Amino acid sequence: MKANLTYRFMRSIWFVVVGIALHASSASAQQALSWEQVKAKFEAASPLLKADAANVEEMKAEEITAFLRPNPQFTIAADGTQIAPHNGVWTPFKGTTEQPNFSYLHEREHKRELRLESAKEGTEITQSQHVDLERNLIFGLRSAFVQTLQAKAVLELAKADLDYYDKIIDISRARFNAGDLAKIDLARIELQRVQYESEIETAIVNLRTEKIQLLLLLDDRTPVDQFDVTGTFDLGPELQPLSEFHQIALDNRPDLRAAIQTIQQSQTNHKLAISNGSTDPTFGAWYTYNSSTNNPNANQTLGLSVSIPLRIFDKNQGEKKRTLIDIDRSQQAAEAAKAQVFSDVDDAYELVRSNIALIKPYKAQYLDQSVYVRDTVTFSYQHGGASLMDFLNAQSDYRVVQLAYLQLIGAYMTAAGQMNLAVGHEEIQ
């Protein structure tokens with residue numbers, strides 16, 4: 001009996017251990033996210049975007065309010081009640097009449113339609129502003145994503161440098177054991193390893209920091225060790241002509257679109273101001289039973305009325321003038337927005353162009369040269385043809401060139417993101 005219980009207990013423990021191991025394995029093997037996945041995750045989870053999207057929904061709700069009709073008015077009145085005796089007779093309710101009255105304000109000159117049109121244009125403006133906010137947030141997200149890729153590339157470079165240097169140390173120890181290398185030279189070579197270790201630790205800290213920043217933007221609680229991203233960290237396609245980017249920006253920039261939509265709304269508001277200066281009549285109708293009229297047989301009567309305000313001193317002149325001024329101001333703001341678009345595109349284009357100009361020599365010459373110089377000097381040093389200082393300088397020059405290249409790629413990809421921000425569309429992937 002005891003053996004059976006012991007077997008069951010050990011079997012349960014085994015299943016628990018296996019389950020924990022499988023869970024840890026699946027967590028550590030979580031798939032790295034691409035840029036499109038990161039972007040989709042951000043758009044679905046960002047609290048800032050969700051809060052701003054509520055403004056669009058509020059504006060849509062205001063469209064309902066803007067198109068509401070005036071409510072009809074209902075009034076009931078009682079008249080003809082005797083309140084004091086006369087000639088010794090007091091029949092208070094004999095002559096009482098009740099008058100139910102219905103009235104309705106009729107809005108002329110398409111006031112409701114213009115209010116609805118203005119509200120819809122306000123919704124479109126808010127929608128464009130929401131897209132503009134998303135455009136700016138995506139740029140920040142893209143920059144954080146690029147910085148994470150750059151930190152990964154720098155860490156991989158640091159690890160590769162350490163692996164290469166460890167092989168040099170092994171060869172140097174073999175030379176020392178064979179009497180072909182002085183002890184002081186071996187010590188200097190081994191001492192240099194601490195710099196490579198320091199670079200790896202710095203790269204690890206930088207990578208974790210960039211991941212934490214990216215997780216913050218995604219509003220994600222995934223542990224840093226289980227979060228990773230992947231993507232191409234290299235020079236992109238050939239740069240299009242500047243004029244094409246200008247046109248793309250004019251077609252896609254949401255802030256410029258919002259400025260143009262503001263002009264349309266200002267024109268609609270001016271039409272509404274003119275419409276509000278018109279007179280709206282109020283139609284009324286009432287019914288009376290037991291009416292006291294000149295017609296003794298008219299016990300049931302119907303009355304009609306039309307009430308027309310006399311707008312002698314107020315024809316909405318102030319609003320007409322204000323909205324007319326607002327049209328001009330909106331047009332000037334749209335021109336300023338257009339000029340800003342061209343300026344943003346020009347600045348971003350020049351930044352991308354200069355980064356490409358700096359990267360091309362590295363890809364065509366400097367990267368290969370740094371590898372050639374490092375390997376040649378290393379081989380020469382191992383065979384006594386170069387000094388220790390030449391060997392260490394060649395190692396340092398190689399790291400400087402490789403690291404500078406990674407930094408240039410990161411700067412280029414950040415500048416490409418700025419170009420996408422300037423044109424309002426992801427043109428450079």
Side-chain angles (χ1 to χ4, degrees), residues 47-79 98-134 254-288 301-334 337:
L48 289 176
L49 283 180
K50 289 181 179 179
D52 191 69
N55 293 333
V56 180
E57 298 302 319
E58 289 178 358
M59 292 301 296
K60 289 182 179 179
E62 289 187 10
E63 294 178 17
I64 301 174
T65 303
F67 201 56
L68 290 177
R69 297 176 182 272
N71 285 313
Q73 301 291 322
F74 172 72
T75 306
I76 186 167
D79 194 11
E98 296 81 16
Q99 293 181 341
N101 186 308
F102 290 89
S103 61
Y104 181 75
L105 175 68
H106 174 64
E107 292 186 305
R108 299 173 56 246
E109 302 296 335
H110 308 289
K111 291 183 177 65
R112 287 178 59 240
E113 290 78 5
L114 289 172
R115 284 200 305 266
L116 177 61
E117 184 178 350
S118 178
K120 286 184 175 180
E121 290 167 347
T123 302
E124 292 174 354
I125 293 172
T126 305
Q127 179 66 41
S128 296
Q129 292 170 343
H130 174 71
V131 175
D132 189 55
L133 173 64
E134 183 178 357
D255 54 339
L256 178 59
R257 184 164 60 248
I260 295 174
Q261 290 168 340
T262 302
I263 297 176
Q264 297 172 349
Q265 188 186 40
S266 298
Q267 294 171 344
T268 301
N269 289 339
H270 181 61
K271 295 178 183 178
L272 180 59
I274 295 174
S275 177
N276 286 335
S278 63
T279 298
D280 295 332
T282 301
F283 298 101
W286 63 87
Y287 166 80
T288 304
T301 61
L302 177 66
L304 300 173
S305 69
V306 178
S307 175
I308 302 176
L310 300 178
R311 302 190 66 166
I312 299 174
F313 304 108
D314 174 25
K315 294 185 179 180
N316 213 30
Q317 296 93 332
E319 273 299 294
K320 293 175 184 177
K321 185 174 182 179
R322 185 195 68 79
T323 52
L324 194 60
I325 294 173
D326 197 45
I327 293 175
D328 182 67
R329 181 176 61 184
S330 300
Q331 290 173 340
Q332 298 302 324

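Here the structure is a predicted model, which is why all the values come from computation and not from measurement.
The backbone N or O of R322 lies less than 3.5 Å from no partner atom in the side chain of D326, so there is not a single donor-acceptor pair. Judged by distance alone, the side chain of R115 and the main-chain N or O of A66 form a donor-acceptor pair under 3.5 Å. The backbone N or O of R108 lies less than 3.5 Å from a partner atom in the side chain of D280, making a donor-acceptor pair. Between the T268 side chain and the E117 main chain, no donor and acceptor come within less than 3.5 Å of each other. No donor-acceptor pair closer than 3.5 Å links the side chain of E134 to the backbone N or O of D132. The backbone N or O of F283 sits nowhere less than 3.5 Å from a side-chain atom of H106 that would complete a donor-acceptor pair. In this structure, T262 contributes its side chain and A258 its backbone to a donor-acceptor pair below 3.5 Å. Under a 3.5 Å cut-off, the side chain of N316 and the backbone N or O of A273 do form a donor-acceptor pair.
Once rounded to the nearest 0.5 Å, the distance linking CD1 of I260 with CD of Q265 reads 14.5 Å. Atom-to-atom distance recorded for D255:CG and R257:CZ is 9.0 Å, nearest 0.5 angstrom. For the atom pair NZ of K120 and CD of E124, the computed distance is 9.0 Å after rounding to the nearest 0.5 Å. Interatomic distance, CZ of F67 versus CZ of R69, reported as 6.5 Å (0.5 Å rounding). Atom CD1 of I263 sits about 9.5 Å away from atom CD1 of I327, to the nearest 0.5 Å. Rounding to the nearest 0.5 angstrom, the gap separating the CD atom in E109 from the OG1 atom in T279 is 10.0 Å.
Side-chain contact between Q129 and P254: absent, with no pair of heavy atoms (C-beta onward) separated by less than 4.5 Å. Residues Y104 and P70 have side chains in contact (heavy-atom distance under 4.5 Å, counting atoms from C-beta outward). Side-chain contact between L49 and H130 is present, with at least one heavy-atom pair separated by less than 4.5 Å.
Checked by atom type, the side-chain pair S330/S266 shows a donor-acceptor distance below 3.5 Å. One side chain, S278 or K111, offers a donor N or O that lies under 3.5 Å from an acceptor on the other. When only modelled atom types and interatomic distance are considered, N269 and S118 share a side-chain donor-acceptor pair under 3.5 Å.
Here the closest non-hydrogen pair linking K315 and R311 is CE-O, 3.5 Å.
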Under 3.5 Å, side-chain donor or acceptor atoms of residues 56-63 against the rest of the protein: list the pairs with distances, not counting sequence neighbours.
from : atom 1 : to   : atom 2 : distance (Å)
E63  : OE2    : T123 : OG1    : 2.7

Should E98 and T288 be marked as a side chain to side chain donor-acceptor pair (under 3.5 Å) after you check the CA-CA gap, both sets of side-chain angles, and the distance that decides it?
CA-CA 6 Å; E98 296 81 16; T288 304; over 6 Å; no
One pair to check against side chain to side chain contact (heavy atoms under 4.5 Å, CB included): L272 and N276. What are the steps and the verdict?
CA-CA 6 Å; L272 180 59; N276 286 335; 3.7 Å; yes
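Annotation: F74 is in aromatic contact with F102 [ring centroid separation under 6.0 Å].
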